[in-house]
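In what follows, every chain begins at residue 1, and chains take the letters A, B, ... in the order their sequences are listed.
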2 protein chains.
Amino acid sequence: MQVTERTAPTLDDVARAAGVSRATASRVINGAVPVSRPATEAVRKAVAMLGYRPNVAARALVTRRVGAVVVLVPETEERVFSDPFFSRAYHGALEAFRHTGIHVLLSMSHPHDGVDPMLAFFQSDHADGAIVISHHGYDFARAVANSNRPVVFVGNPGVPGLAYVDVDHARAAATATRHLLSRGAQTLGTVTGPMDMFAGVERLRGFQQAMAQAGRSGHLTAEGDFTFAGGEAAAFDLLSHHPEIDGLFVASDLMASGAIRAAERLGRRVPGDLMLVGFDDSLVATQSIPQLTTMENRPDLLARTAGQMLLEKLNGRQPESPVILPSRLVVRDSA
Amino acid sequence: MQVTERTAPTLDDVARAAGVSRATASRVINGAVPVSRPATEAVRKAVAMLGYRPNVAARALVTRRVGAVVVLVPETEERVFSDPFFSRAYHGALEAFRHTGIHVLLSMSHPHDGVDPMLAFFQSDHADGAIVISHHGYDFARAVANSNRPVVFVGNPGVPGLAYVDVDHARAAATATRHLLSRGAQTLGTVTGPMDMFAGVERLRGFQQAMAQAGRSGHLTAEGDFTFAGGEAAAFDLLSHHPEIDGLFVASDLMASGAIRAAERLGRRVPGDLMLVGFDDSLVATQSIPQLTTMENRPDLLARTAGQMLLEKLNGRQPESPVILPSRLVVRDSA
DNA sequence: ATGAAAGCGCTAACAC
DNA sequence: GTGTTAGCGCTTTCAT
């Protein structure tokens, strides 16, 4: 009674079974190079019979390709799982690599360990390239970019020379602002995102630009942090000090929904006493009461585009960068 | 002006720079084997100076270890991201591998492509082992188990011989049932999970067992599907036909919260007219009104335990299996 | 179109 | 404690 060796079949086994050389077997398996019909069929048959699977480590050693890319999200898994932005983005990344045979891994940071393990993973040749989805973290962006592997960012990483995809925050904010004006709002204010984030700064800039163009002043601002609570607090503050405000551009839907609560606490009705435009067109936009008029923001499209760019880079081409996606106004009930 | 070669430094470069052999350099880098102080320091210095990083492909080729495990979730990414069970489980898996130097990847299925890419990924040596989190899918369990790599399941996979971690569904259900009885409920019913799922069947069994032990009949049952809507429908049906029911064991919190709605529609108050015990102690348990009395279920613990078992397997040991975790009653307002 | 042979970067006997 | 050597399984020139 002999113990069956449980060693996986190698390319050598396949070649032998097919009666060809290892080189020919390799050619059949990888396509591309022309191989004669009989040889091709013999190899295919041998592969099927032996249940052969190429050893990716051996292959990677020579091709320097592992056949996988990674979506790096320098946020704790708790945030990644709770914020729909990331899941939608991951979905988009997946789309970009469908039918390419390239796996799309997902890596987020551990609450205690921070981003180091993510970096280590990426720098250790586990992936051929990365899509980084981050709203902040310049250091991380730099570190990732230094890996000498192709990387594309979703959202302006704030580091010159890096490829990225983003929406035109300023333009979108201006559109939102003009919508409020066209609806007859007399005094506009804005609840901004954090001023240390690109998106926060740009959305404010767009608001102020549109106001200036309309001959108005855009000085009524309060800084939020993109959370519900932060939005509520900022809006409450702004509206308390400036009860004359009848139109508010809020730089995210979540904050806008907090702003609705603030307005309620101050006895003001939306949109009757106060018109509101949010940003993101996320789920809360349709869940809040009233439903939010907002600027569309498509994380799936952003990530899909980033994926396509990454694919180009992997193929040795240099995609245009940055790619700036348009954002359209979605009119609902809040303005 | 010469172009700087951008080839990553190899172990050879390190060895040369340190004035030792490649083998010694390797020993220093991997620890374990004793190396003299001077040699150790020379190598460390060389590594730092050159920015050397081991090539995982080359290493994997000889060690047959890639330094990563994968959490396989045969559900669409949409479900994975929206159901807190999975995020909590992933968190637990991460915990198990902290400080081991082993990366924990996450792989879910694409809505269009199904589970094949996941399988392909795992079977192609991208990971040394897997934790499978699935509530169903015997075929998938079999396929994964056939990969000849260590695998541990979270939840009984229903295939004999496979290692898994689970809660004692029947025991927990019995505890829930006895709680209802001890609170004075006279006529008990249960809304079950799907009968093609292990958890569904077992929780029903526990209910009936406890009823039998108390000399009661456990025939008042209605099958749900673990969703809110399914729970509401099943409860509505059961309560309409059997208005005498004053105690209900509902096999998941989500369904229990649906059952509350059903009770409301029938003009019955919880817990006044109807006592309710759920299962999972998930977020909805505290969000529903009234808050749910429920059986604890800890996906993070399940996955962490599975991770520890996987780690043992990777180290050549055979962990006890199955591991059945206890579940305790969490008393809140619904019973 | 095909085979022989070199070598990717690393670890693990094995000798000393 | 250290160096030498032999591969791990694969792709890829280079001949033919």
Answer yes or no on whether A:R79 is positioned over the face of A:F86, meaning its NZ or CZ is under 6.0 Å from the six-membered ring centre and within 45° of the axis.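 Output no; distance or angle outside limits.
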Return the [atom1] to [atom2] distance between [X] and [Y], rounded to the nearest 0.5 Å.
X      : Y      : atom1 : atom2 : result
B:Y52  : B:T10  : OH    : OG1   : 7.0 Å
A:F140 : A:S134 : CZ    : OG    : 7.5 Å
A:E75  : A:M118 : CD    : CE    : 9.0 Å

Members of residues 18-26 of chain A that approach DNA chain C, where some heavy atom sits under 4.0 Å away: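 Nucleic-acid contacts, sorted: A:V20, A:S21, A:R22, A:A23, A:T24.
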Taking DNA chain C as the partner, which of residues 116-129 of chain B come within under 4.0 angstrom of it by heavy atom?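 Nothing qualifies; none.
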Side-chain donor-acceptor contacts of residues 305-318 of chain B below 3.5 Å, not counting sequence neighbours, with atom names and distances?
from: B:T305; atom 1: OG1; to: B:L301; atom 2: O; distance (Å): 2.7
from: B:N315; atom 1: ND2; to: B:L311; atom 2: O; distance (Å): 3.3

Ion pair present between A:R149 and A:D125, side-chain N to carboxylate O less than 4.0 angstrom?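 Salt bridge between A:R149 and A:D125, a charged N being under 4.0 Å from a carboxylate O: yes.
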Considering only NZ, NE, NH1 and NH2 on the basic side and carboxylate oxygens on the acidic side, decide whether B:K45 and B:E41 come within less than 4.0 Å.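 Looking at B:E41 together with B:K45, the answer is no, because their closest N to O distance does not fall below 4.0 Å.
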Positional range of nucleotides in DNA chain C within the contact set of chain A, heavy-atom, under 4.0 Å: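 Range of nucleotides within reach of chain A: C:dA1 to C:dG9.
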Any residue of residues 47-56 of chain A with a heavy atom less than 4.0 Å from an atom of DNA chain D: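 Contacts with DNA chain D under 4.0 Å: A:Y52, A:P54, A:N55.
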5′-ward residue of the pair B:A58/B:P38 relative to DNA chain D: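 The residue whose closest nucleotide sits nearer the 5' end is B:P38.
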Angle between ring planes, A:H103 versus B:F121, binned at 30° and 60°: parallel, tilted or perpendicular?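 Aromatic pair A:H103/B:F121 classed perpendicular.
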Rounded (10°) bend between the five-pair end axes of the helix from C:dA1-D:dT16 to C:dC16-D:dG1: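 The end-segment axes of the helix from C:dA1-D:dT16 to C:dC16-D:dG1 are tilted 30° relative to each other.
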List the residues meeting side chain to side chain donor-acceptor pair (under 3.5 Å) with B:R304, not counting sequence neighbours, and say none if there are none.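 Once residues adjacent in sequence are excluded, B:R304 has no partner under the side chain to side chain donor-acceptor pair (under 3.5 Å) criterion.
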For a quick test of your reading: what N or O donor-acceptor pairs under 3.5 Å do the side chains of residues 23-32 of chain B make, sequence neighbours left out?
from: B:T24; atom 1: OG1; to: B:S21; atom 2: OG; distance (Å): 3.4
from: B:S26; atom 1: OG; to: B:N30; atom 2: ND2; distance (Å): 3.3
from: B:N30; atom 1: OD1; to: B:R59; atom 2: NH2; distance (Å): 3.3
from: B:N30; atom 1: ND2; to: B:S26; atom 2: O; distance (Å): 2.9

Identify whether any heavy atom of A:A39 sits under 4.0 Å from a base atom; if not, whether one sits that close to sugar-phosphate; answer base, sugar-phosphate or nothing.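 The answer is sugar-phosphate, as A:A39 gets under 4.0 Å only of primed atoms, P, OP1 or OP2.
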Sequence neighbours excluded - side-chain hydrogen bond (donor to acceptor under 3.5 Å, both in side chains) pairs with any residue from residues 87-99 of chain A: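 Checked against side-chain hydrogen bond (donor to acceptor under 3.5 Å, both in side chains) - neighbours excluded - the pairs reaching residues 87-99 of chain A are A:H91-A:E95, A:H91-B:E77, A:E95-B:H110, A:R98-B:D113.
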Determine yes or no for a side-chain-to-main-chain donor-acceptor pair under 3.5 angstrom, with A:S321 supplying the side chain and A:Y164 the backbone.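 Indeed, once roles are kept as given, a pair shorter than 3.5 Å links the two residues.
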Name all residues meeting the ring pair (Phe, Tyr, Trp, His ring centres under 6.0 Å) criterion together with A:F85; count only those two or more places apart in sequence or in a different chain, and write none if there are none.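 A:F85 satisfies ring pair (Phe, Tyr, Trp, His ring centres under 6.0 Å) with A:H135 only.
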Extract, from 5' to 3' on DNA chain D, the first and final nucleotides lying under 4.0 angstrom from some heavy atom of chain B.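 Both ends considered, the range comes out as D:dG1 to D:dG9.
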Residue pairs, two or more places apart or on separate chains, that pass salt bridge (charged side-chain N to carboxylate O under 4.0 Å, His left out) and touch residues 155-167 of chain A: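 Pairs touching residues 155-167 of chain A that pass the test: none.
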